[in-house]
Amino acid sequence: MILGNILAPLWLIIVLLLLASPNGLLKASAFVLGMTLTRVAQGVLFGLVLGSSDKAAEGDGLVAATLKLVLGILLLIAAFKKWRKEEDPDEPPPKWMQSLEQATPLKVLGIGALGIAIGAKLWAFTLSALAVINEAGLDRTDAIIAYAAYIFFAQILLILALLFAAVAPKQSQSVLQRANTWLTTYNRPISITVSLIFGLLFTWNGVSAFLGG
């Protein structure tokens with residue numbers, strides 16, 4: 001679940017775009033904070049991360065298998081749609097990405113929160129992670145730590161970019177710009193490959209769990 005988040009290039013592209021804008025570090029930090037708040041709310045809302053081992057239901061394994069299967073299907077659909085869509089290399093970026101440079105930190109925080117809230121694949125990743133944590137039968141404290149670790153490592157590349165920009169603001173500009181250019185250029189093949197690999201993996205795991213059960 002963590003790797004699926006890490007290998008999705010869109011969020012890192014947005015953070016790099018924000019870092020290159022005026023007050024970039026503040027806005028990029030607000031964006032990542034918005035993402036984090038939504039993920040925390042998801043954990044609290046579903047209560048899985050707060051469940052204790054003695055409350056674990058017998059159907060937890062079935063829930064996890066169902067979520068993995070749904071996630072796999074969503075990723076395969078995403079890979080197919082991305083593959084079918086021909087991209088024009090001269091096409092400008094979407095208007096919402098162009099508007100990031102003028103956005104306020106508060107607005108960017110909302111964009112980060114909303115992006116996680118409406119992303120079907122990201123919901124599937126998070127719900128699957130919560131189901132796995134709950135299925136492990138951890139006590140409440142360990143479950144919270146495990147989910148916090150999931151959030152942290154799912155956003156590790158974004159956090160590292162923020163730290164690099166904060167510690168070495170001048171030196172980081174050229175490096176982050178090159179990284180942004182590379183990610184933007186290869187966004188499509190990366191997205192297709194990641195969606196296809198993880199789609200097949202999660203679909204197989206979900207089907208295997210159902211057949212095994």
Drop me the distance from [X]'s [atom1] to [Y]'s [atom2], to the nearest 0.5 angstrom.
X: Leu75; Y: Leu200; atom1: CG; atom2: CG; answer: 9.5 Å
X: Asn180; Y: Ile13; atom1: CG; atom2: CD1; answer: 6.5 Å
X: Ile156; Y: Ile151; atom1: CD1; atom2: CD1; answer: 13.0 Å
X: Leu33; Y: Leu162; atom1: CG; atom2: CG; answer: 10.5 Å
X: Leu7; Y: Ile190; atom1: CG; atom2: CD1; answer: 8.5 Å
X: Phe152; Y: Ile2; atom1: CZ; atom2: CD1; answer: 10.5 Å

TODO: Check step by step if side chain to side chain contact (heavy atoms under 4.5 Å, CB included) holds for Leu3 and Phe198.
DONE: CA-CA 9 Å; Leu3 284 175; Phe198 281 92; 3.6 Å; yes
TODO: Flag yes if more than 12 heavy atoms outside Phe153 fall under 6.0 Å of its CZ atom; otherwise flag no.
DONE: no
Task: Connected-component partners of Leu74 among ILVMFWY, side-chain separation under 4.5 Å - done: Val70
Side chain of [X], backbone of [Y]: donor and acceptor closer than 3.5 Å?
X: Trp83; Y: Ile192; answer: no
X: Asp139; Y: Asp142; answer: yes
X: Tyr147; Y: Arg39; answer: yes
X: Thr126; Y: Trp123; answer: no
X: Ser172; Y: Pro169; answer: yes
X: Lys27; Y: Pro22; answer: yes

ILVMFWY cluster, [X] and [Y] together (side-chain gap under 4.5 Å):
X: Leu10; Y: Leu157; answer: yes
X: Ile6; Y: Leu176; answer: yes
X: Trp204; Y: Ile197; answer: no
X: Leu196; Y: Met1; answer: no
X: Ile159; Y: Leu183; answer: yes

Open item on the list: If we check side-chain contact (heavy atoms from CB on, under 4.5 Å) with Leu158, which of these qualifies: Val15, Asn5, Ile14?
Closed with: Val15
Task: From CA spacing to verdict: side chain to side chain contact (heavy atoms under 4.5 Å, CB included), Gln171, Val175 - done: CA-CA 7 Å; Gln171 296 89 331; Val175 176; over 6 Å; no
Task: Minimum-distance pair of heavy atoms, taken over all atoms of Leu25 and Ala165 - done: CD1-CB, 4.3 Å
TODO: Looking only at non-hydrogen atoms, find the nearest pair between Leu19 and Ala161 and report the distance.
DONE: CD1-O, 3.9 Å
Open item on the list: Go through it in stages, so that I can follow the logic: the residues are Leu26 and Phe31, the test is side chain to side chain contact (heavy atoms under 4.5 Å, CB included), and I'd like the CA-CA distance, side-chain angles, deciding distance and then a yes or no.
Closed with: CA-CA 9 Å; Leu26 176 60; Phe31 179 80; over 6 Å; no
Pairs of donor and acceptor atoms involving the side chains of residues 103-116, under 3.5 Å and at least two apart or interchain, shall be tabulated with distances.
from: Thr104; atom 1: OG1; to: Lys107; atom 2: N; distance (Å): 3.2

